[in-house]
Structure formats: structure tokens, C-alpha cells
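Position 1 is the first residue of the sequence, and the numbers go up from there. Scope of the values below: all heavy atoms of this structure, side chains included, with no hydrogens, waters or symmetry mates. These numbers were taken from a predicted model, which means no experiment stands behind them.
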Amino acid sequence: MSFIEFSSTALQRLTADAAKCQSARGGSLNATAEKVRKACKVCVECMRVAECGLQSKDFKNGMEVANAVGICMLKNKCHSACMCDGDGFEYPCCVSVNDCAAHGTPTTEPFQDGDLIKVDIVVHHGEGGMGDMARTFIYGESQSDAHTQFVLATKRLLRVIVDNFNKRSTRNRAALESEMTEQYNEFESTSEYFVMRDLTGHRIGARMHLKPFIGNGNTDVPLAADMTVCIEPVTVLANGAPTSSKFVSDHQGNIRSVHSQNRTAHHENTYVIDSDLKLQPLTCYN
């Protein structure tokens, strides 16, 4: 199915579903872990579609990625939570390239070999739960070993945070944020790497972003069993330019590093908190 065909049929359905979702806002903020689990299963399927098309280079631009993700959502009788979040986003997923770290608007601008492409997918399941995940892909042949190692380091950063938190004798929100800070500081021990510390994690359920917003210490909501949360390190590679953990948001809401020469990565999973207050992954497959 071409993007033109998708725009005239499936996109209209996704937009209509999003409108229904928005009009229903104001109900319960909670969704059971099982509902979130179902949404996450579809989220993983959509990400596999994106990954396959990017690795094969069948997808030539961000719009083609969004097209395929939207079709996968509809096939599973789901729609995009990005389109019903009330911010006016019109596409099934975010596609962010190179210095754009997150919330990227899909475009028809051709991908180039070596581009760092972040795909962020938030599925709203028909039963009411949401699932959220992001991955970073290198398009075609990597143009730099430093870029390859940076993407792997970001993926490893999230894994280490979760593994170490689960090994702690005391597991609560303060312990999780302490572990994140410790690992972020270690990640930044090389002057080439930085973490966007305002973009760290959040609770998810019947809405995409719920308290507690994890990592920035601005709410007293504690972690609890059966709560579903997202942890999402967004990172910056200096790539020969000055940089810091700061970022800017352009007129379209795309979150970018302060220098266009920088490269960014984004790795996110949804987790359910079990009875021992350990984080159990719902969107991990690589």
C-alpha cells in the first residue's frame, strides 16, 4: 500500500479513532497492567515492522516508516496514542533523524546512509491500555564506528539501570532515580556522551504521560505493584561539536540537540512493577 493510499483510507481511520480517544478524556487514568501488556505486544510488532523496513532500506523516508506503523496498528485494531494526546500530532509514530532526539515529525526527506533514526511508537489498544517504546537504528552502512558504539552504549545504559535497580535491597522511586543518576553520571564520564536529563521516564496507563515523571523529582507519587512505567534515556553524542545535556524544541515540537552536528539516540521500554517492586519488561525484544 502506498502512502497516498494510506493517507486517503487508513490515516482517516486513525484520525477518527484519535478524535474518539480525545473526546473520552477525563475518565479513569488507570489501566490494568494486562491492558497495557496487550498494547505493548502490538507496540513490539509495529517496531519490528519499522526495523525490518529500515534494515532492508525498503523505507526511504520517515513518512514510509509512519505509513507502515499505522497499517500495523490498524491490523491489530489499535491506533496511535501520539494522535490522541491533544498536542495536534498527525502521524502514527515519531521519526527523529540525527540531531533530532525525539518527537520528530515524519517527512518525505530521503534517509542517507549512516543516519541515526529514532522511531518512537505509542499504541493505544482498543481495551484502553497504552504501550510505549523507542529504538535507534543506523540506516544502511554506519559512517562511523563512534556512531555504532554510541547507539550500543545507549541501549546498554537502559539495561544496566533496570538490572541494577532490580538487584537493590530497597526498591522505591528514590532508589530508581538514584540508580538513573549514577548510571547517567557514568555514561557522561566520557566528554563525548551526554544524557538529556529532562527526558527520562514516566508512568503510562490509559494516558501516555502520567505521574510519576521518573527522574526529575517533581512529584511525590510513589512506585507501586502493578504500576506500568516507561524509562527512556535520550542521549547526545558530541560528534566533533560542543554539546551539553540541554536541548531545544523547534516550531513543530521536534526535540533537538543544541548543535546540529550532534547525534542523538533514544531507547525506551515499558515495564510493569511486580509484587517485589522489580521492573519487568513489556516491550523488550533486543
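Taken to the nearest 0.5 Å, the OG atom of Ser178 stands 13.0 Å off from the CZ atom of Arg173. Thr136 OG1 to Asp115 CG: the interatomic distance, rounded to the nearest 0.5 Å, is 12.5 Å. In this structure, His125 NE2 and Cys43 SG are separated by 11.5 Å, a value rounded to the nearest 0.5 Å. To the nearest 0.5 Å, atom OG of residue Ser249 and atom CZ of residue Arg256 are 9.5 Å apart. Atom CG of Asp99 is separated from atom OG of Ser260 by 6.0 Å, given to the nearest 0.5 angstrom. Atom CZ in Phe137 sits 4.5 Å away from atom CD in Glu51 (nearest 0.5 Å).
Residues Pro106 and Cys93 approach most closely at CG-O, 3.4 Å, considering heavy atoms. Closest approach of Ala39 and Gly131 over heavy atoms only: CB-N, 3.4 Å. Here the closest heavy-atom approach between residue Ser144 and residue Ser142 is recorded as O-OG, 2.8 Å. Among all heavy-atom pairs drawn from Cys46 and Val123, the shortest one is SG-CG2, 4.4 Å. Contact record, Ala224 with Leu277: C-CD2, 3.9 Å, taken as the closest heavy-atom pair. Closest of all the heavy-atom pairs between Ala102 and His266 is CB-ND1, 4.2 Å.
In this view, Asn172 satisfies the side-chain hydrogen bond (donor to acceptor under 3.5 Å, both in side chains) rule with no residue, not counting sequence neighbours. In terms of the ring-ring contact (aromatic ring centres under 6.0 Å, His included) criterion, Tyr184 has no residue partners (sequence neighbours excluded). With sequence neighbours excluded, the residues satisfying salt bridge (charged side-chain N to carboxylate O under 4.0 Å, His left out) with Asp113 are Lys57. Shown here are the salt bridge (charged side-chain N to carboxylate O under 4.0 Å, His left out) partners of Glu127, two or more places apart in sequence or in another chain: Lys38. By the salt bridge (charged side-chain N to carboxylate O under 4.0 Å, His left out) test, Glu232 pairs with no residue at all, sequence neighbours left out.
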Residues Val272, Met227; criterion side-chain contact (heavy atoms from CB on, under 4.5 Å); working and verdict = CA-CA 6 Å; Val272 62; Met227 181 181 285; over 6 Å; no
Which is it for Met73 and Ser80 under the side-chain contact (heavy atoms from CB on, under 4.5 Å) test, yes or no, and what are the steps along the way?
-> CA-CA 7 Å; Met73 288 181 184; Ser80 169; 3.8 Å; yes
Report the C-alpha separation of Val36 and Cys40 in whole Å, then their side-chain angles, then the decisive distance to 0.1 Å, and conclude whether the side-chain contact (heavy atoms from CB on, under 4.5 Å) test is met.
-> CA-CA 6 Å; Val36 172; Cys40 287; 4.0 Å; yes
CA sep, side-chain torsions, deciding dist, call: Asn269, Leu282, side-chain contact (heavy atoms from CB on, under 4.5 Å) | CA-CA 7 Å; Asn269 283 318; Leu282 298 179; over 6 Å; no
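A salt bridge does not link Arg48 with Glu45: none of the charged nitrogens is closer than 4.0 Å to a carboxylate oxygen. A salt bridge links Glu179 and Arg168; the closest N-O separation between the charged side-chain nitrogens and carboxylate oxygens is under 4.0 Å. Between Arg197 and Glu188 a salt bridge is recorded (basic side-chain N to carboxylate O distance below 4.0 Å).
Contact annotation: the side chain of Thr32 approaches that of Lys35 to within less than 4.5 Å [non-hydrogen atoms, C-beta and beyond]. Taking 4.5 Å as the limit, some side-chain heavy atom of Thr105 sits within range of a side-chain heavy atom of Tyr91. Between Asn262 and Leu237 the shortest side-chain heavy-atom distance does not fall below 4.5 Å. Within the 4.5 Å cutoff, the side chain of Leu116 has heavy atoms near those of the Val151 side chain. Side-chain contact between Thr154 and Thr264 is absent, with no heavy atoms from C-beta onward closer than 4.5 Å. Counting heavy atoms from C-beta on, the side chains of Val69 and Ile121 come closer than 4.5 Å. Contact of the His202 side chain with the Val229 side chain is not registered, since no non-hydrogen atoms from C-beta on lie closer than 4.5 Å. Considering only heavy atoms from C-beta on, Lys118 stays 4.5 Å or farther from Cys100 through its side chain.
Checking side-chain atoms of Thr228 against main-chain N and O of Ile204 turns up a donor-acceptor pair under 3.5 Å. In this structure, the side chain of Asp120 does not engage the main chain of Arg135 through any donor-acceptor pair within 3.5 Å. With hydrogens and angles disregarded, a donor-acceptor distance shorter than 3.5 Å links the side chain of Asn61 to the backbone of Met63. Of the possible polar contacts, one joining the Asn76 side chain to the Cys72 backbone as a donor-acceptor pair under 3.5 Å is found. Looking at Arg171, its side chain does come within 3.5 Å of a backbone N or O of Asp276 through a donor-acceptor pair. Of the possible polar contacts, one joining the Thr283 side chain to the Thr270 backbone as a donor-acceptor pair under 3.5 Å is found. Side-chain atoms of Gln280 never come within 3.5 Å of backbone atoms of Lys278 as a donor-acceptor pair (strictly under, hydrogens ignored).
For the ring-ring contact (aromatic ring centres under 6.0 Å, His included) condition, the pairs that include at least one residue of residues 141-172, sequence neighbours left out, are Phe150-Tyr193.
In the hydrophobic clustering of ILVMFWY residues, with side-chain heavy atoms under 4.5 Å counting as a link, Val195 and Val160 come out apart.
Of the candidates Val119, Val49, Ile117, Val65 forms a side chain to side chain contact (heavy atoms under 4.5 Å, CB included) with just one, namely Val119.
The environment of Lys41 atom NZ is sparse: at most 12 non-hydrogen atoms of other residues, nucleotides or ligands sit within 6.0 angstrom. Counting non-hydrogen atoms of other residues, nucleotides and ligands closer than 6.0 Å to CD of Glu109 gives a total of 12 or fewer.
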